[in-house]
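Data block below; observations after.
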Number of protein chains: 2
Amino acid sequence: MAQNSDFLRGHTETIILRLLTEKDSYGYEISKNIVDSGQGLVDIKDATIYTAFRRMENDGLLATYWGDGVGGARRRYYAITEKGRRLYAEKKEEWTKLKSILDYLIIGSDKNV
Amino acid sequence: MAQNSDFLRGHTETIILRLLTEKDSYGYEISKNIVDSGQGLVDIKDATIYTAFRRMENDGLLATYWGDGVGGARRRYYAITEKGRRLYAEKKEEWTKLKSILDYLIIGSDKNV
DNA sequence: TGGAATAGATAATGATATTATGTATATAAA
DNA sequence: TTTATATACATAATATCATTATCTATTCCA
């Protein structure tokens, strides 16, 4: 198992949503994007992205359309929906709150972060 | 299902370890402790604590002994081991790193945290 | 022609948090 | 004395979601 798989739980969708707020994208690109930003600590697998996509599409967070396959196989593009944007805003809020609580619970009283 | 169960994934053990670095404790107390600090956002269930205890004891992170049951049933106390302390130190480090990466991935370029 | 990079898909597996339920003790209220 | 409540531990069953392992397909380049 990858090192920090559990830490990503519940954040995967939020991260995908955020990337899609900037522009429509497709699985492979998003996967690379995350790994590149992850500095070796965060490493979401392709398969995880695709299963997340399907889940999120079923939930109405994403809309999809086929694009062209420039330099490779066909691309399935994903766009964030209004519902997706609202959820992203909520999750973003939640993260900032949760972060301070976890800071307290994990680091403790000596807040020399 | 509870709201933020996924956010806690991978942090539960770290939180328990941290509380045990301060003093030996038992399931019920730890459970209450976490919920009280959780501000309604973090809510680790009793059963989660107990299953984590057993896992961590098997991993040699905790040692256990029976205490007295003052005002209730008997208490099983847990103490953190050296191995547990080392793991806690690692996890604490990991959290601070992960936090900044997730900040970038979730909040994005507009770092108005 | 064959390998590498790109791109998508899914079944099976695994880890862990939750739900549901059960046991047991002590104290205070009725 | 019965009952409710708080304390305390335990575990089987379930759910969720990330990973592993595979598979298919296309394009470019050597």
Side-chain angles (χ1 to χ4, degrees), chain A residues 1-16 24-36 38 41-59 61-62 64-78 91 98 102 105, chain B residues 1-16 24-36 38 41-59 61-62 64-78 91 98 102 105:
Chain A
M1 198 201 348
Q3 319 98 306
N4 291 303
S5 60
D6 286 325
F7 292 161
L8 273 309
R9 278 245 173 185
H11 298 304
T12 309
E13 295 195 3
T14 312
I15 293 170
I16 292 174
D24 292 4
S25 189
Y26 53 97
Y28 202 79
E29 191 181 46
I30 285 187
S31 178
K32 278 216 181 305
N33 209 321
I34 293 172
V35 171
D36 289 349
L41 267 177
V42 172
D43 177 28
I44 295 179
K45 296 295 172 349
D46 304 45
T48 303
I49 305 280
Y50 293 118
T51 49
F53 273 158
R54 284 185 55 211
R55 204 167 51 227
M56 292 164 84
E57 202 190 344
N58 287 336
D59 292 348
L61 305 174
L62 305 183
T64 180
Y65 57 92
W66 280 101
D68 53 337
V70 186
R74 278 195 311 169
R75 291 171 182 164
R76 182 193 279 279
Y77 279 85
Y78 287 90
K91 291 283 189 185
L98 200 79
L102 280 182
L105 287 172
Chain B
M1 202 201 341
Q3 319 98 306
N4 290 304
S5 60
D6 285 326
F7 290 162
L8 273 307
R9 279 242 174 189
H11 298 302
T12 310
E13 295 194 4
T14 312
I15 294 170
I16 291 173
D24 292 3
S25 189
Y26 53 97
Y28 202 79
E29 190 180 47
I30 285 187
S31 177
K32 278 216 183 304
N33 210 321
I34 293 171
V35 172
D36 289 351
L41 269 177
V42 172
D43 178 25
I44 296 179
K45 297 296 175 345
D46 303 46
T48 304
I49 305 280
Y50 292 117
T51 49
F53 273 157
R54 282 184 55 208
R55 204 164 53 228
M56 295 165 82
E57 202 190 343
N58 287 336
D59 292 347
L61 305 173
L62 305 182
T64 180
Y65 57 91
W66 280 102
D68 53 336
V70 186
R74 277 194 312 169
R75 291 170 181 166
R76 182 192 280 277
Y77 278 85
Y78 287 89
K91 292 283 188 183
L98 197 81
L102 281 182
L105 287 172

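Every chain is numbered from 1 and lettered A, B, ... according to where its sequence line falls, protein lines coming before strand lines. Not measured: the values here are computed from a predicted model.
- Using a 4.0 Å cut-off between charged side-chain N and carboxylate O, B/R75 and B/E29 make no salt bridge.
- Where A/G10 and B/D46 each meet DNA chain D at their nearest nucleotide, the meeting point lying more 5' is that of B/D46.
- Relative orientation of the A/Y26 and A/Y77 rings is perpendicular, given thresholds of 30° and 60° on the angle between their planes.
- Atom-to-atom, CZ of A/R75 to C1' of C/dA5 comes out at 12 Å; the value is rounded to the nearest Å.
- When distances are taken from the side chain of A/T48 to each of C/dT25, D/dA18, C/dT6, the shortest belongs to D/dA18.
- Closest contact between the side chain of B/I44 and the listed nucleotides C/dT18, D/dC9, C/dG8 involves C/dT18.
- Between B/Y78 and B/F53, the distance from one ring center to the other falls under 6.0 angstrom.
- Checking C/dA17, D/dT7, D/dA10 against every side-chain atom of B/Y28, the shortest atom distance belongs to D/dT7.
- Scanning both residues, B/E13 and B/M56, for their nearest heavy atoms gives O-CE, 3.6 Å.
- Residue B/R9 is classed as a base contact, given a heavy-atom separation below 4.0 Å to a base.
- By the 6.0 Å and 45° rule, B/R74 stacks over the aromatic ring of B/W66.
- For the segment residues 49-58 of chain B, the set of residues with a heavy atom within less than 4.0 Å of an atom of DNA chain D comprises B/Y50, B/R54, in numerical order.
- Closest to the side chain of B/A47, out of D/dT26, D/dT20, C/dT19, is C/dT19.
- A/T51 contributes a side-chain N or O that, together with a main-chain N or O of A/A47, makes up a donor-acceptor pair within less than 3.5 Å.
- Nearest to the side-chain atoms of B/R76 among the listed nucleotides D/dC17, C/dA20, D/dC9 stands D/dC9.
- For the pair A/W66 CH2 and D/dA25 P, the interatomic distance rounds to 13 Å; values are reported in whole Å.
- Atom NZ of B/K32 and atom P of D/dT7 are 5 Å apart (whole Å).
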